[in-house]
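Scroll down for the structure; my scribbles are underneath it.
FYI, side chains are in, hydrogens and waters are out, and symmetry mates aren't considered; it's all heavy atoms of this structure. Numbers for residues simply follow the sequence, beginning at 1. Both ligands and their constituent atoms are indexed starting at 1 by order of listing.
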Amino acid sequence: MTGDRAALKGCSTGGGAGLRRRPFDPAAVRRDFPILQQQVRGKPLVYLDNAATTQKPLAVVQAISDYYLRDNANIHRGVHLLSERATAAYEDARRAVQAFINAREAREVIFVRGTTEGINLVAQSLVRQGLAPGDEIVVSVLEHHSNFVPWKMAAEATGARLRVVPITDAGELRLDEYERLLSPRTRLVALGHVSNALGTVNPAAEIVRLAHARGIPVLLDGAQAVAHRPVDVQALDCDFYAFSGHKLYGPTGIGVLYGKAARLDALPPWQGGGDMISSVTLEQVDYNTLPAKFEAGTPNIAGAIGLAAAIRYLAGLDLQAACASEDALVEYAVERLAALPAVRVVGRPAERAGIVSFVVENVHPHDVGTILDGEGVAVRAGHHCCQPLMHRLGLDATARASFAFYNTREDVDRLADGLGRVREVFG
Ligand SMILES: Cc1ncc(COP(=O)(O)O)c(C=O)c1O
């Protein structure tokens, strides 16, 4: 785990070098998120659906609005001032992401729609590169469908095979089985960094080390990690890392696929169109260099600018304290829920980030979610896009409370009170 610690060390972001950090104060931070100040169903909102999407600080909303009010133009192709400004802001955003995840070079940051698109990009490029019968992709039973279905599709298209790492009853990856599944046939390991259903933090650096010892590249699905742990892609040494802006206090429709330059250079593009070419004749198309090769068409310019604003906002916080506060809150939530009669916390990983899944005896999670909503508490209920995991756990669904640094102990208490109400309603 030494490498993991190194990858997670510091709890600071590079994106806002030079910014002064505010001491962390959840009450003050909440004021940066206007949406949290409202009442729902006649009660103050308790937002515990952050794994689905986080709320956005005013700084992000303002950055997007400023862009549209002042600078809106298409990028890279224009010779006029607005296009210059929009291009500069978009490429600045790439550098902000580069610093945030400590990528070696800005061209290793590919803007995509989100985690899903980043993973599909790698999967479809691998298909075009010649994934073949007999090749294997290693995934796990913990994966979100976004890190399972694209590989299933790639396998179906090529005759390649998925190998699936099992988990323990606590919800942790079986590393012994993982190691056993790695073979000369393995073309790629594609695993989540943090489970969106159970909150399990996987030993990402160890996963990478074991694969690299056999010359196998690794893609990490970082959708649920980036908002809860500082991510250093060089320390992790992963080959690809995908995440979504909207789970990192940024806008929807923007995300990042990080890839080591050599890996991305070796992959063919998966979408064709404007910007991804260097020259086109009727006979031949020559592709552009990184990152343009993988950014066909007009990108989500405002989204990239909004994501950079989120990263800069985070860089202005004492993230070490924010992470510590959130981890303490998650621990408190596990304790409170586990102490409630008829409530069972699902999954007991040794290291957990941001997420607590639970079930209430004899009450469907959708009913739990609906009653909690009536109490002003927003949680998610369902299979969390993890049907293979639900099957492994012998469940159809769970209710899930997921946390951000703006949540408080009062939020957890309101959740626990709401679960009391669930028991009253269902007797
Ligand atoms: C672990 C994980 N991977 C991938 C995704 C897909 O993210 P998006 O829908 O933003 O592409 C999610 C979304 O919940 C997730 O939690």
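- Between Arg229 and Asp327 there is a salt bridge, with a side-chain nitrogen of the basic residue lying less than 4.0 Å from a carboxylate oxygen of the acidic one.
- At a threshold of 4.5 Å between non-hydrogen side-chain atoms, the residues Phe405 and Thr54 do not count as touching.
- Heavy-atom separations between His384 and ligand 1 are all 4.0 Å or longer.
- Aromatic rings of Phe111 and Phe294 (six-membered ring for Trp) have centroids beyond the 6.0 Å cut-off, not under it.
- Looking at residues two or more places apart in sequence or on another chain, you find a side chain to side chain contact (heavy atoms under 4.5 Å, CB included) between Pro291 and Arg94, Arg107, Ile110, Glu295.
- The protein atom (non-hydrogen) at minimum distance from atom 15 (C) of ligand 1 is His144 CD2, 3.3 Å.
- Of all protein heavy atoms, the one lying nearest to atom 1 (C) of ligand 1 is Asp221 OD2, 3.5 Å.
- Residue Lys247 places a heavy atom less than 4.0 Å from ligand 1.
- Under 4.0 Å from ligand 1, not a single heavy atom of Arg113 appears.
- In terms of protein heavy-atom proximity, atom 9 (O) of ligand 1 is nearest to Thr116 OG1, 3.6 Å.
- With respect to Arg348 and Asp169, no salt bridge is recorded, no charged nitrogen being found less than 4.0 Å from a carboxylate O.
- Comparing heavy-atom distances from atom 16 (O) of ligand 1 across Glu117, Gln224, His193, Glu143 singles out Gln224 as nearest.
- The ligand atoms of ligand 1 that sit less than 4.0 angstrom from a heavy atom of Ser244 are 7 (O), 8 (P), 10 (O), 11 (O).
- Salt bridge annotation for Asp275-Lys293: absent, with no cationic side-chain nitrogen under 4.0 angstrom from a carboxylate oxygen.
- Close contacts of ligand 1 with Asn196, meaning ligand atoms under 4.0 Å from a residue heavy atom, involve 1 (C), 16 (O).
- Of the inter-residue distances, the one linking Ile64 atom CD1 with Leu69 atom CG reads 11.5 Å to the nearest 0.5 angstrom.
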